[in-house]
Amino acid sequence: MKLRHFPIIQLPLISLIYLPSLISSQTCQKACGKQSIRYPFGTGPGCGDPRFQNHITCNQQELTFTTHTGSYPITSIDYANQVIYITDPSMSTCTCTKPSKGFGLDWNAPFSFNDNTVFALLDCSTTSPIYMPNGGNLNNSTSPLCDAQGASICSLLYSCQAVSRLNIPISTCCVYTPVDLGPSFEMDLQKLQCSSYSGINGFNDQEFNPGSWNYGMGLKYKFNYNNDYPTLCANCEKTNGVCGGFVYLSIGMVFRNALRVVACKRSLDGVQNFVSNCSADVWLVS
């Protein structure tokens with residue numbers, strides 16, 4: 001498959017009216033509850049980049065991140081650093097312990113773990129592969145999956161009342177950094193023989209007070225291969241518009257080509273329409 005990039009062009013209105021009626025009638029919101037929504041995210045079909053639509057959704061004014069392991073509330077989005085922060089209702093914290101099946105990212109999801117995210121596996125069996133010299137060949141690891149420098153995190157977590165009353169030894173805790181999750185970013189607690197986990201994405205300058213830590217996960221995202229923010233979207237949002245990405249098929253007698261179009265949606269007299277004077281970044285795949 002060859003990928004050719006065509007220069008920025010002006011698409012006439014006639015080019016835009018062939019978008020599916022569902023997209024043309026979709027009202028794009030600029031916020032979901034109290035969380036502002038900007039490209040590449042959207043609130044429905046035709047809003048934002050379609051690669052993110054299956055993962056980021058807005059239902060009843062609640063922004064949610066979804067993978068094959070479940071759905072997780074999005075607590076905030078750091079657009080400047082391209083990080084979304086989520087929580088897992090089944091995750092243990094300093095105030096509450098819960099059994100969990102773990103967490104994983106879809107293999108095709110345009111996300112990766114933020115470098116600051118730390119995972120602590122709790123109540124792990126002594127036969128868990130995380131304690132084996134080669135990680136039990138889990139994720140083709142060549143070293144133990146526990147970070148020895150994270151022992152203090154385990155010690156502090158196990159000092160929390162919610163954890164300490166379980167009367168489990170600190171040796172059953174393992175700090176498990178995202179780099180150890182392997183290429184699929186999968187943390188299967190059943191396979192790892194651990195009862196629960198804590199995700200920590202910040203210490204709030206209180207490294208020795210686990211009750212004040214930020215529990216959850218930070219996920220990085222990219223706009224595209226070069227991570228370039230589309231100029232069209234920047235200009236669109238500056239003029240009170242909503243940027244959307246669409247993929248549709250043009251079928252000819254000889255060639256079958258997929259066009260990826262980025263367009264701007266603005267509100268005119270209370271109704272959102274695709275404007276006729278928007279540029280579009282068009283990619284032709286043949």
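When a residue number appears, it is its place in the shown sequence, counting from 1.
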Peer 1: Any donor and acceptor pair, going by atom type alone, linking the side chain of Trp213 with main-chain N or O of Gln206 inside 3.5 Å?
Peer 2: yes
Peer 1: Taking the side chain from Thr67 and the backbone from Gly104, do they hold a donor-acceptor pair closer than 3.5 Å?
Peer 2: yes
Peer 1: Let me know which of Ile77, Thr75, Leu219 forms a side chain to side chain contact (heavy atoms under 4.5 Å, CB included) with Ile86.
Peer 2: Leu219
Peer 1: Mind checking whether Ile56 and Tyr85 sit in one hydrophobic cluster, side chains of I, L, V, M, F, W, Y counted as touching below 4.5 Å?
Peer 2: no
Peer 1: Which pair of heavy atoms, one from Ser92 and one from Lys98, lies closest together, and at what distance?
Peer 2: OG-N, 2.9 Å
Peer 1: Mind checking whether Phe203 and Ile153 have side chains closer than 4.5 Å, heavy atoms only?
Peer 2: yes
Peer 1: For Lys222 and Ser112, indicate whether the former's side chain and the latter's backbone hold a donor-acceptor pair under 3.5 Å.
Peer 2: no
Peer 1: Say whether Tyr197 and Asp88, considering side chains only, have a donor N or O and an acceptor N or O under 3.5 Å apart.
Peer 2: yes
Peer 1: Determine whether a donor-acceptor pair (N or O, by modelled atom type, separation under 3.5 Å) exists between the side chain of Lys101 and the backbone of Thr69.
Peer 2: no
Peer 1: Report yes or no: do Ser100 and Ser196 form a side-chain donor-acceptor pair below 3.5 Å?
Peer 2: no
Peer 1: Is any side-chain heavy atom of Pro110 closer than 4.5 Å to a side-chain heavy atom of His55?
Peer 2: yes
Peer 1: State whether the side chain of Ser159 and the backbone N or O of Leu156 hold a donor-acceptor pair below 3.5 Å, judged by distance alone.
Peer 2: yes
Peer 1: Ignoring hydrogens, what is the shortest heavy-atom contact between Val242 and Cys28? Give both atom names and the distance.
Peer 2: CG1-CB, 3.5 Å
Peer 1: Below 4.5 Å, heavy atoms only, C-beta onward: do Pro230 and Pro40 meet side chain to side chain?
Peer 2: no
Peer 1: Verify, without hydrogens or angle tests, whether Lys34 (side chain) and Gln61 (backbone) share a donor-acceptor contact under 3.5 angstrom.
Peer 2: no
Peer 1: Heavy-atom count check: over 12 atoms from other residues, nucleotides or ligands less than 6.0 Å from Asn204 CG?
Peer 2: yes
Peer 1: Run Asn201 and Thr117 through side-chain contact (heavy atoms from CB on, under 4.5 Å) and show every step you take.
Peer 2: CA-CA 4 Å; Asn201 58 44; Thr117 298; 4.2 Å; yes
Peer 1: Are Tyr225 and Trp107 joined in one hydrophobic group, where the rule is that I, L, V, M, F, W and Y side chains link up if heavy atoms are under 4.5 Å apart?
Peer 2: no
Peer 1: Measuring from atom CG of Leu166 to atom CD of Gln161, what distance do you get when rounded to the nearest 0.5 angstrom?
Peer 2: 11.0 Å
Peer 1: Distance from Asn214 atom CG to Thr87 atom OG1, nearest 0.5 Å?
Peer 2: 11.5 Å
Peer 1: Please round to the nearest 0.5 Å and tell me the distance separating atom SG of Cys243 and atom OH of Tyr39.
Peer 2: 5.5 Å
Peer 1: Closest approach of Pro129 and Leu192, non-hydrogen atoms and distance?
Peer 2: CD-O, 4.0 Å
Peer 1: Between atom CD of Gln53 and atom OG1 of Thr43, what is the distance when rounded to the nearest 0.5 Å?
Peer 2: 9.5 Å
Peer 1: Whether the side chain of Asp106 engages the backbone of His68 through a donor-acceptor N/O pair (distance < 3.5 Å, no angle test) should be reported.
Peer 2: yes
Peer 1: Any chance the SG atoms on Cys174 and Cys146 come in under 2.5 Å?
Peer 2: yes
Peer 1: According to the interplanar angle, ranging from 0 to 90°, do the rings of Phe223 and Tyr221 count as parallel (below 30°), tilted (30 to 60°) or perpendicular (above 60°)?
Peer 2: perpendicular
Peer 1: Would you check if the side chain of Thr64 reaches a backbone N or O of Tyr72 as a donor-acceptor pair within less than 3.5 Å?
Peer 2: no
Peer 1: Might you work through the side-chain contact (heavy atoms from CB on, under 4.5 Å) test for Cys58 and Ile37, ending with a clear yes or no?
Peer 2: CA-CA 10 Å; Cys58 179; Ile37 303 298; 6.0 Å; no
Peer 1: Measure the distance from the SG of Cys160 to the SG of Cys94 and say whether it is below 2.5 Å.
Peer 2: yes
Peer 1: Indicate the ring-plane relationship of Phe41 and Tyr79, choosing parallel, tilted or perpendicular according to the 30° and 60° boundaries.
Peer 2: tilted
Peer 1: If hydrophobic clusters are built by linking Ile, Leu, Val, Met, Phe, Trp and Tyr wherever their side-chain heavy atoms come under 4.5 Å apart, do Tyr215 and Val163 end up in the same one?
Peer 2: yes
Peer 1: Does atom CD of Glu62 have more than 12 heavy-atom neighbours from other groups under 6.0 Å away?
Peer 2: no
Peer 1: Strictly under 6.0 Å, is that where the ring centroids of Phe119 and Phe103 end up?
Peer 2: no
Peer 1: When you group the ILVMFWY residues by side-chain heavy-atom contacts below 4.5 Å and let the links chain together, are Leu189 and Val175 in the same group?
Peer 2: yes
Peer 1: With rounding to the nearest 0.5 Å, note down the distance linking CD1 in Ile74 to CD1 in Ile84.
Peer 2: 4.5 Å
Peer 1: Show the numbers, then the answer: is there a side-chain contact (heavy atoms from CB on, under 4.5 Å) between Ser36 and Lys30?
Peer 2: CA-CA 6 Å; Ser36 64; Lys30 296 180 183 178; over 6 Å; no
Peer 1: Can you tell me how far apart OG1 (Thr127) and CD (Gln193) are? Round to the nearest 0.5 Å.
Peer 2: 3.5 Å
Peer 1: Hey, mind stepping through Leu121 and Met187 against side-chain contact (heavy atoms from CB on, under 4.5 Å) and telling me if it holds?
Peer 2: CA-CA 10 Å; Leu121 307 187; Met187 182 174 57; 3.6 Å; yes
Peer 1: For the pair Cys124/Cys173, is the SG to SG distance below 2.5 Å?
Peer 2: no
